[in-house]
Every structure is written in C-alpha cells, then in structure tokens.
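Report on the structure given below.
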Amino acid sequence: MNRAHESDHPLVRHKLTLLRQIDIGVRRFRELLWELTALLAYEALADLDLEETSVTTPLDEAAGHTLTERVALVPVLRAGLGMVDPIWNLIPDAQVGHIGLYRDEETLQPVEYYSKLPPADQVDVCLLLDPMLATGGSAVAACNILKRWGIQRIKYIGLIAAPEGISRLQESHPDVDIHIAAADCCLNDRGYIVPGLGDAGDRLFGTKVHEATRIPNPPEEP
C-alpha cells in the first residue's frame, strides 16, 4: 500500500513555487512555510474520527461533530519548528513534543541530541513535522524514537522529498503516512534535495543565508 501522498492542490503548487525562489527574504519564507503547512495538514487530517453532537444556535438546535482523536505535533528541530504554529492554530488542544536531530555532514547519518514527548497514552495521532525528507535518515530515526515511546499512529508532513527519502521511510516504517508538497528529482553528493530549496532551517531562521535572499522586494503573488 502506497502511503506517500504528493499534494496536487493548486494553492500548494503555487506557493511552493514561490517558496523555492532564492530571492525571497526570511519573513516571506516563514509566511509561505506557514501557509503550505496549514494546507498540507488540512489534507493529512482528513481521516480524523468524529462523534456526533448538537449545539444551540441563536435560532435553533443544530447537528454537529466534534473530534474524538487526540493529536500531537512533534517537530524535528530545528526546521520543523516553523511548521508547528499553523497546525496548532487549527488544533489548539494539540500537545507538542520535540525531537532534536542533526545530520553528520560526513556520514549523513542522524544524531539524536534531545527529545521531549507527550505521554503516549494521550496521543491518538502524531504529526511528525520536518520540511525536507532528503536521505530519510532523520525521519526514520524520529519514527523510531516515537514508536519506542509508545506512539504508534504517525503521519509525516513535509514540504519536499527526494525519492531516496521516501523509499527509506516507507521501507523502515510502512505504516507511516507521508504527506508532502512535492517529490523532487534526487539527492546531490552532499545529501541535499535537487532542485529543492536549499537548507530549510537556514532560510527559515536567517542563518547562512545566501545574499540573494536578502533582496527586500520579492515577487508578489497574483
């Protein structure tokens, strides 16, 4: 069963095109990341369970529904932090955990340095948040951590993925749904996604930013 879902929504495609550009500033990058994350979460959470209820309107009683599943958000530090608030804005009761991983630049393997997670018995669905699914090492390591903690139902939400990363995550965790904006061509010899958008963390937080990204007047949306 293929659990990798590449969004075909026109707004996702449009905003991802803007996000990729080298000549947008840090503020606009954050805004687009927020917007794309909200759209992807909307698609990823379409299967949440509901129960019927009723509410009183100013005119009459109305049938309605409430969520029955408890959602946790777990960003992979640091780039995943930029994806928390847009989903938290949609689900204010969601618990938030954190997993700290960095990639060894020589081996390209993930190294864990921090984890703080909500109690597993309080989580029905966990959204693992990381913009880039490159080699897949960090995503696999994060899923390993979550499952050891006792969290079983995991959905990965990211912006761009390489085929290598998708394959590795699916092979290691075939039960994890993958929701992305785009699947790109491949990885380069440094393990970066091509064409990708560069280092998402650097562009999000303004560290090691290419000078071209400091141009103050990015292209405007139609």
Side-chain angles (χ1 to χ4, degrees), residues 19 26-27 29-45 48 67 69-105 107-161 165 168-169 172-173 175-181 191 193 197-208:
L19 187 77
V26 174
R27 177 178 178 178
F29 188 91
R30 286 199 303 267
E31 291 171 345
L32 287 165
L33 179 63
W34 176 298
E35 294 164 1
L36 280 163
T37 299
L39 290 167
L40 291 170
Y42 173 82
E43 295 182 343
L45 296 172
L48 287 181
L67 292 175
E69 294 187 285
R70 300 161 297 178
V71 179
L73 314 179
V74 178
V76 176
L77 304 179
R78 63 183 169 141
L81 288 173
M83 303 177 72
V84 172
D85 282 348
I87 307 178
W88 217 358
N89 193 51
L90 296 173
I91 313 173
D93 292 333
Q95 296 193 65
V96 179
H98 299 86
I99 292 177
L101 298 168
Y102 68 87
R103 185 171 65 171
D104 186 294
E105 292 301 324
T107 66
L108 302 184
Q109 296 303 306
V111 179
E112 178 186 351
Y113 64 90
Y114 180 80
S115 66
K116 179 69 174 178
L117 300 171
D121 61 2
Q122 297 179 17
V123 177
D124 297 310
V125 183
C126 178
L127 302 185
L128 180 62
L129 310 176
D130 197 1
M132 312 298 283
L133 181 57
T135 65
S138 293
V140 170
C143 287
N144 290 340
I145 293 169
L146 291 170
K147 288 185 177 181
R148 285 199 302 268
W149 189 254
I151 297 173
Q152 296 301 318
R153 189 178 174 199
I154 303 168
K155 293 174 178 280
Y156 174 94
I157 299 182
L159 297 181
I160 299 175
R168 185 171 179 181
L169 181 54
S172 299
H173 296 283
D175 58 332
V176 172
D177 289 322
I178 303 171
H179 293 269
I180 54 174
I193 302 173
L197 50 75
D199 188 296
D202 286 341
R203 296 193 66 183
L204 178 63
F205 294 107
T207 53
K208 302 179 183 178

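In this text the structure is predicted, and so the values were computed from the model without any measurement.
- In terms of heavy atoms, L40 sits closest to A181 at CD2-N, 3.9 Å.
- The neighbour count for W88 CH2, taken as heavy atoms of other residues, nucleotides or ligands under 6.0 Å away, does not exceed 12.
- Using a 4.5 Å heavy-atom cutoff, the side chains of V84 and T37 are not in contact.
- Annotation: side chain to side chain contact (heavy atoms under 4.5 Å, CB included) contacts of L67 (sequence neighbours excluded): L48, L50.
- Between L73 atom CG and I87 atom CD1 the span is 5.5 Å, to the nearest 0.5 Å.
- Nearest heavy atoms, A134 versus G191: CB-O, 3.6 Å.
- The minimum heavy-atom distance between V176 and C143, with the atom names listed, is CG2-SG, 4.1 Å.
- With a 4.5 Å cut-off on side-chain heavy atoms, I145 and V74 do not count as touching.
- Checked against ring-ring contact (aromatic ring centres under 6.0 Å, His included), H179 has the following partners two or more places apart in sequence or in another chain: H5.
- The side chain to side chain donor-acceptor pair (under 3.5 Å) test applied to E31 returns R27, R28, not counting sequence neighbours.
- Between R78 and D202 there is a side-chain heavy-atom pair separated by less than 4.5 Å.
- Scanning all heavy atoms of the two residues, the minimum distance from A44 to I157 falls at CB-CD1, 3.8 Å.
- Looking only at side-chain heavy atoms (C-beta outward), V26 and F205 stay at 4.5 Å or farther from each other.
- Residues in residues 80-97 take part in no salt bridge (charged side-chain N to carboxylate O under 4.0 Å, His left out) pair, two or more places apart or across chains.
- At a threshold of 4.5 Å between non-hydrogen side-chain atoms, the residues L117 and I99 count as touching.
- Smallest separation of non-hydrogen atoms from A38 and L90: O-CD1, 4.2 Å.
- For N89, the side chain to side chain donor-acceptor pair (under 3.5 Å) test picks out no residue, with sequence neighbours left out.
- Identified under the side-chain hydrogen bond (donor to acceptor under 3.5 Å, both in side chains) test for residues 147-161, with sequence neighbours left out: D47-R153, D47-K155, E69-R153, K147-H173, K147-D175, K155-D177.
- Looking at heavy atoms from C-beta onward, T207 lies out of side-chain contact with D199 at the 4.5 angstrom threshold.
- Within the 4.5 Å cutoff, side-chain heavy atoms of P75 are placed close to those of H98.
- With sequence neighbours left out, the side chain to side chain contact (heavy atoms under 4.5 Å, CB included) criterion links Y42 to no other residue.
- Every residue two or more places apart in sequence or in another chain that forms a side chain to side chain contact (heavy atoms under 4.5 Å, CB included) with L39 is listed here: L11, V12, K15.
- L19 contributes atom CG, which lies 7.0 Å from atom CD1 of I160 (distance to the nearest 0.5 angstrom).
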Without placing hydrogens or testing angles, list every side-chain donor-acceptor pair under 3.5 Å for residues 119-130, not counting sequence neighbours.
| residue | atom | partner | partner atom | Å |
| --- | --- | --- | --- | --- |
| Q122 | OE1 | Q95 | NE2 | 2.9 |
| D124 | OD1 | R70 | NH2 | 3.3 |
| D124 | OD2 | R70 | N | 2.8 |
| D124 | OD2 | R70 | NE | 3.1 |

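- Not counting sequence neighbours, the partners of A200 by the side chain to side chain contact (heavy atoms under 4.5 Å, CB included) test are A79, P131, M132, L197.
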